[in-house]
Amino acid sequence: MRRFGEAHVIAVYAAVANPPAVWYREAAMVDIKLVRAEPQKFIEASRVKRCPVDFGALLDLDGRLLKARQELQEIKTSQNVAGREIARLKDQAKQDAVAKMALLKARTKELDDLIAQLEPKFQEMMLLVPQPPAPEVPVGKDETENVVIRVEGQVRKFDFEPKDHVQLGELLGIIDVPRGVKLAGSRNYILKGAGAMMHYAILRLALDQMIAKGWTLLNVPVLVNESVMYGTGYFPLGREQAYLCERDGMSLAGTAEVPVTAYHSDEILDETELPRKYVAFSTCFRREAGAAGKDTYGLYRVHLFDKVEQVVLCRNDHQASLDHHKEILANSEDVLKALELPYRVVNVCTGDLGQGQVQKFDIETWMPSRKNYGETHSASRFHEFQSRRLNIRYRDCGGAVKFVHTLNNTVIASPRVLIAALELYQNADGSVTVPAALRPYMNGMEKIAPRKG
RNA sequence: GGAGAGGUGGCUGAGUGGCUGAAAGCGGCGGUUUGCUAAACCGUUGUACGGGGUAAUGCCCGUACCCUGGGUUCGAAUCCCAGCCUCUCCGCCA
């Protein structure tokens with residue numbers, strides 16, 4: 001059985017002058033051959049996704065690199081031929097032949113230098129080229145132009161004045177924002193007692209549902225090499241969102257998607273081993289750079305949260321990708337249905353789509369305090385975007401080596417979903433009924449009641 | 001953290017300057033033999049890029065790749081330097 005690929009091509013691209021070194025994979029990003037063949041398609045993708053790339057400069061660089069490499073290859077051929085010759089020559093004839101080689105060597109050096117100069121620029125630009133979105137993705141400028149495609153469950157009407165999750169959390173003694181801020185600054189919090197129990201209960205419910213469906217549970221590193229961040233597409237564009245441990249050249253992943261998707265990087269799998277379906281729990285770290293002043297209240301947008309994530313690696317087949325996309329969406333809906341929370345599914349528009357995503361469906365769960373649905377899940381499919389960057393391939397039945405397709409979706413993320421759960425399950429007296437599905441995970445607790453005193 | 005050993009193809013493992021993209025074995029694939037399986041025997045078996053060719057696949061030529069990067073040399077898996085990673089022993093530790 002073939003398991004590991006041999007091409008662990010991780011190159012250091014260091015701006016020679018200053019650390020930190022930037023890591024990337026030498027393996028292709030988006031397929032440059034496709035960009036050459038249909039530049040218009042990528043120019044359009046760049047426009048609607050709002051990922052600016054100078055394709056004129058990119059193709060120019062590509063052309064010059066290609067030309068230099070072709071000449072270099074020809075020179076190498078003559079060098080190899082001459083080298084074999086020299087081994088057989090003697091004395092004066094040998095001296096003459098060696099002298100001739102010097103000329104070739106000088107040209108080789110020139111070409112090497114040229115390539116060494118152009119290559120990093122080319123790679124840098126290639127890392128910015130977006131994956132073209134699927135035709136069924138609505139064109140739009142930002143999240144306000146996402147299209148609702150389905151609404152599930154009934155939004156609760158209260159016959160009393162409902163409290164928000166922070167008020168409930170304080171009243172019940174299960175959420176402590178001030179002390180979270182004391183320890184770790186803004187956007188931090190502490191879950192306590194039944195609040196922490198409900199947090200773990202939700203995550204465990206999600207894990208158990210996925211395990212029951214036959215998904216493979218992984219426990220993965222969340223402090224990862226930069227190459228993994230580049231490979232999954234979070235770098236370079238999302239670098240501002242990540243906590244970096246620069247001394248060690250590592251960063252904290254914002255989601256288990258990162259290590260789980262990279263799990264098979266630099267490997268060649270066998271088609272019979274596909275699809276691979278993984279589920280993993282991880283703590284997620286996000287700087288929320290650029291979100292200053294946005295969603296500052298409560299547990300909606302925080303620097304650290306816990307999440308159960310699902311990741312699929314499947315055949316390089318459009319239909320297979322579509323089928324798995326439906327599957328991972330349904331898996332997440334199953335968790336919300338078990339929790340009996342109302343939600344809707346939206347088709348995310350081009351402007352709100354990530355660089356690598358072909359299409360994305362967000363699930364938004366009803367949050368009474370926001371008087372709106374709030375994003376709780378994000379189901380994406382990438383086609384080859386991530387697998388090219390990570391070099392994840394498989395051998396198909398005919399023996400051809402192809403890049404896998406990757407997909408991922410939140411199974412559940414907490415505490416964000418606690419906003420919906422606590423607020424929707426609250427009672428007039430300030431207590432919160434524990435959703436039936438969570439009781440087995442909370443020692444049978446049925447209700448979280450206000451503290452005495 | 002201290003001391004040592006080592007990184008070669010799917011795996012094991014040979015290879016100390018040109019005839020080595022790489023011996024041998026295992027595994028995989030194809031075939032012969034056989035009532036079936038097994039065994040035996042024969043053949044075959046990396047990836048990427050560029051060029052040529054085809055209706056297309058097969059195919060042909062070239063280049064690169066023996067952890068990564070740099071250096072020495074006409075020529076590097078082989079010599080030198082730096083880095084990364086793995087293993088063993090000791091120490092520390094959830």
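All chains are named by letter (A, B, ...) in the order of the sequence lines, taking the proteins before the strands, and each is independently numbered beginning at 1.
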Completion exercise
Sorted by chain and residue number, the ring-ring contact (aromatic ring centres under 6.0 Å, His included) partners of A/Y425 (sequence neighbours excluded) come out as none
Practice task
Tell me what A/K67 touches on the nucleic acid: a base, only sugar-phosphate, or nothing, going by heavy atoms under 4.0 Å.
Solution key: nothing
Practice task
May I ask you to decide if the ring planes of A/F235 and A/Y230 are parallel, tilted or perpendicular, using 30° and 60° as cut-offs?
Solution key: perpendicular
Sort me out a list of protein N/O and nucleotides 59-65 of chain B N/O pairs below 3.5 Å, or just none if empty.
unit_1 : atom_1 : unit_2 : atom_2 : d
B/G62  : O3'    : A/T77  : OG1    : 3.4
B/G62  : O2'    : A/Q73  : NE2    : 3.4
B/G62  : O2'    : A/T77  : OG1    : 2.9
B/G62  : N2     : A/Q73  : OE1    : 3.1
B/G62  : N2     : A/Q73  : NE2    : 3.4
B/G62  : N3     : A/Q73  : NE2    : 2.9
B/U63  : OP1    : A/N80  : ND2    : 3.0

What does the list of N/O pairs under 3.5 Å between the protein and nucleotides 54-57 of chain B look like, with a distance for each?
none

Problem - A/R286: salt bridge (charged side-chain N to carboxylate O under 4.0 Å, His left out) partners, not counting sequence neighbours - result: none
Exercise for the section: Mind jotting down which residue pairs meet the salt bridge (Lys or Arg N to Asp or Glu O under 4.0 Å) criterion with at least one end in residues 297-306 of chain A? Sequence neighbours excluded, please. Expected result: A/E288-A/R301, A/D295-A/R301
Fill in the blank from the handout: Sorted by chain and residue number, the side-chain contact (heavy atoms from CB on, under 4.5 Å) partners of A/L104 (sequence neighbours excluded) come out as A/I75, A/S78, A/Q79, A/M101
Handout entry: Separation of B/G28 C1' from A/E273 CD (nearest whole Å)
Key = 13 Å
Practice task
Could you list by number each residue of residues 98-108 of chain A showing a heavy-atom separation from RNA chain B of less than 4.0 Å, or answer none if no residue does?
Solution key: A/V98, A/M101, A/K105
Practice task
Would you please name every residue forming a side-chain hydrogen bond (donor to acceptor under 3.5 Å, both in side chains) with A/N80, sequence neighbours left out?
Solution key: none
Let me have the donor-acceptor pairs involving side chains of residues 168-186 of chain A, under 3.5 Å, with sequence neighbours excluded, atom names and distances please.
unit_1 : atom_1 : unit_2 : atom_2 : d
A/D176 : OD1    : A/R179 : N      : 3.0
A/D176 : OD2    : A/R179 : NH1    : 2.6

Handout entry: Test side-chain hydrogen bond (donor to acceptor under 3.5 Å, both in side chains) applied to A/Q319 - qualifying residues, sequence neighbours left out
Key = A/D323
Handout entry: With sequence neighbours excluded, residues passing side-chain contact (heavy atoms from CB on, under 4.5 Å) with A/D112
Key = A/L72, A/T108
Problem - Test side-chain hydrogen bond (donor to acceptor under 3.5 Å, both in side chains) applied to A/R287 - qualifying residues, sequence neighbours left out - result: none
